[in-house]
Amino acid sequence: MKLNLFQTNTTQEASKRIIARLKELKDDNAQHYFIVPDRFTLSFEREICQKVFEKGCINVDVVSFTRLATKLLGAKLKKCLSKEGTVILLNKVIMQNNDKLIYYKDLASYSFAKELFAAIASLRDSKISYLDLQQSLPNLTGVTKEKLTDIALIYSAYTKALGKNYVDTISRIDYLIDNVKNLSVIPSSHIYIYGFNIYSAQQLALIKEFIKHAKSVNIAYAYDSGGINHYLFIKRQMDELARFCAQSGIPYNEIQSIERLNPPFAQLHRTLFGYEKDALKLDIESRNKVVFYVEDNPYEEIRSVAKEINFLVKNKNYRYKDIAIVINDDNYIRIVKEIFTRVDIPYFADVKYFIKDSLAVRYINDLLEAVAEKFAVDKIFTLIHSPLCNLSRKEIECFENYVLKYNINYTSFVKPFVLGDYGDAEKVRKKVEKLLFRVPKGNCTVSQYVEFVLEELSQNDIKERKMYHEQERN
């Protein structure tokens, strides 16, 4: 039982410190659990293999909080619902309790349940129960009271419906909090936590359980340097963990590791996103390297950024990949996409997307749907627009114009074109037919379809096109 807090001024330095801590403990005959945000798990696994275990290892797991709960609890967990499943269950609860509702009566729908689930999930994440809501009702009046009464009722009913047969991502962590003390692997394990810019009340509760029962807990984080943007950092939450250790008689260390920041970054570290008038005050050295754009609204902000990017590319020999945009509000992403698309600035937004939306998966789905729908014209048109089909814009336009002119559909796509001026369109048809005939025919097993997908995506021309378009996107 020990807590090590590595205080750094940058996330880059925090990463170095947490990796260095693993190096110190790697010879210990123990299990090592690295808890990082979902999007960092793959990159952090790679970093550990490159810097600590070059020959590989079997006693290090890089996980998110929810994946750690699944790994540690295993068969003890009830069936875990997906996000879509939780919304469907909540919608069912809303319909069952419709007659008891006041403000939200007769509003049951999937979209409403989705919005309400986000609100209830936020309450649960903050360790606010439906009993807490019910106790607050006597202090409220009017519409606010009616809304909160309905939310407390739905929250209560949802919790009961969930508890009977299922868990969701939040109750899964709650279950882990209750069972950390009973898990035999924890007392001989080291826990490492890195990459979070804030912790929910639920996550803090889980960390406290690890502190009480694990061999050690090691947290690396960036803390504020006394600037006006101190609210962006998690020092207060780390101070809370230190107080918890002091009150519980658990030893803890606070280790500082500072990365030297040259102007203008030293001052930006104290002022960026400070949203106060003093944020614009820079020292003389920084003033020569930082330009402030003050605009009336977010649209004008991004428009100014777009103008500056075009200026740098056209007049200062910059490449688009040399430029990064840092935002403090995800709502800006939509504005960036809208304005950059309008002025033809290529960009890559570092946001999560579903694997079903990846280029390779969309291509395979389009190919299978075209065959499953017996070569329906709309499915064929969707397929030929995939970048992995390797058809030029001229070929696509020629093919589409011919198909529409002569009303080609279904099995006509796998027969030679003979009407009118068919020469160029027939060349494209042969390419499309070749693609369609790659798909397995008849009553095929799942394994045969899997082999087809692997073989299709492993072809050199497909791999080269996929790599090219990924590089273009990045």
Side-chain angles (χ1 to χ4, degrees), residues 65-66 68-70 72-73 76-183 196 198-213 236-237 240-241 243-244 247-248:
F65 278 104
T66 51
L68 179 61
T70 302
L72 291 177
L73 296 173
K76 295 179 182 178
L77 280 175
K78 300 173 187 175
K79 183 178 180 181
C80 185
L81 294 176
S82 64
K83 289 182 180 178
E84 293 77 11
T86 54
V87 174
I88 291 171
L89 178 61
L90 183 61
N91 192 41
K92 178 182 177 182
V93 167
I94 294 170
M95 289 189 292
Q96 289 173 340
N97 291 273
N98 186 59
D99 293 339
K100 302 176 186 177
L101 300 178
I102 305 170
Y103 189 87
Y104 295 121
K105 190 170 185 177
D106 297 328
L107 287 181
S109 68
Y110 183 86
S111 57
F112 173 67
K114 188 175 181 180
E115 294 296 325
L116 191 57
F117 176 76
I120 291 175
S122 180
L123 292 170
R124 295 170 68 204
D125 236 359
S126 302
K127 305 297 284 184
I128 299 173
S129 69
Y130 61 85
L131 295 174
D132 296 327
L133 295 183
Q134 291 170 348
Q135 290 171 3
S136 69
L137 293 177
N139 302 320
L140 303 173
T141 58
V143 173
T144 303
K145 184 175 183 177
E146 291 178 359
K147 287 183 178 180
L148 212 58
T149 300
D150 285 355
I151 291 173
L153 172 64
I154 295 168
Y155 185 176
S156 171
Y158 173 74
T159 303
K160 291 171 184 174
L162 195 65
K164 290 179 182 177
N165 302 302
Y166 309 105
V167 294
D168 59 10
T169 54
I170 297 173
S171 57
R172 180 166 39 179
I173 295 178
D174 283 335
Y175 195 74
L176 177 58
I177 292 170
D178 295 337
N179 286 274
V180 166
K181 59 182 178 292
N182 302 321
L183 297 172
F196 295 89
I198 194 168
Y199 295 93
S200 68
Q202 186 190 47
Q203 289 169 342
L204 284 174
L206 179 57
I207 292 171
K208 289 176 182 178
E209 288 299 310
F210 284 140
I211 291 171
K212 287 195 291 186
H213 301 286
R236 282 189 296 178
Q237 291 187 318
E240 179 187 335
L241 293 178
R243 285 194 300 272
F244 168 77
Q247 293 166 0
S248 305

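For reference, positions follow the sequence shown, starting with 1.
A donor-acceptor contact under 3.5 angstrom links the side chains of Ser171 and Asp168, judged on distance only.
Listed for the Lys127 side chain is no donor-acceptor partner under 3.5 Å among the backbone atoms of Arg124. When atom types are taken as modelled, the side chain of Ser156 and the backbone of Leu153 share no donor-acceptor pair closer than 3.5 angstrom. For Thr86 (side chain) and Lys83 (main-chain N/O), a donor-acceptor pair under 3.5 Å exists by modelled atom type. Judged by distance alone, the side chain of Ser126 and the main-chain N or O of Ser122 form a donor-acceptor pair under 3.5 Å. Looking at Asp125, its side chain never comes within 3.5 Å of a backbone N or O of Ser200 through a donor-acceptor pair. The backbone N or O of Ser129 lies less than 3.5 Å from a partner atom in the side chain of Asp132, making a donor-acceptor pair. Asp150 places a side-chain N or O within donor-acceptor distance of the main-chain N or O of Tyr103, the cut-off being under 3.5 Å.
Leu81 places a side-chain heavy atom less than 4.5 Å from the side chain of Leu162. Phe117 places a side-chain heavy atom less than 4.5 Å from the side chain of Tyr158. Side-chain contact check for Gln134 versus Leu131: some heavy-atom pair is nearer than 4.5 Å. In this structure the side chain of Phe210 reaches within 4.5 angstrom of the side chain of Leu68, judged on heavy atoms. Side chains of Leu183 and Leu176 form a contact here, defined as non-hydrogen atoms less than 4.5 Å apart.
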**Study point:** Derivation of the side-chain contact (heavy atoms from CB on, under 4.5 Å) call for Val167 and Tyr175
**Key:** CA-CA 9 Å; Val167 294; Tyr175 195 74; 5.6 Å; no
Point to revise | From CA spacing to verdict: side-chain contact (heavy atoms from CB on, under 4.5 Å), Ile154, Leu101 | key: CA-CA 9 Å; Ile154 295 168; Leu101 300 178; 3.9 Å; yes
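By the 30° and 60° cut-offs, the orientation of the rings of Tyr104 relative to Phe112 is tilted. Between Phe196 and Phe65, the angle of the ring planes lies from 30° to 60°, which puts this pair in the tilted group.
Considering NZ of Lys147 and CG of Leu133, their distance stands at 14.5 Å, rounded to 0.5 Å. To the nearest 0.5 Å, the span separating CD1 on Ile177 from CD on Gln202 amounts to 5.0 Å. Between the OG atom of Ser109 and the CE atom of Met95 there is a distance of 9.5 Å, given to the nearest 0.5 Å. A distance of 9.0 Å separates CD1 in Ile211 from CG in Leu204, rounded to the nearest 0.5 Å. For the atom pair OG1 of Thr66 and CD1 of Ile173, the computed distance is 5.5 Å after rounding to the nearest 0.5 Å. Note: Thr70 OG1 to Arg172 CZ = 3.5 Å, rounded to the nearest 0.5 Å.
A salt bridge does not link Glu146 with Lys105: every distance from a Lys NZ or Arg NE/NH1/NH2 to an Asp or Glu carboxylate oxygen is 4.0 Å or more.
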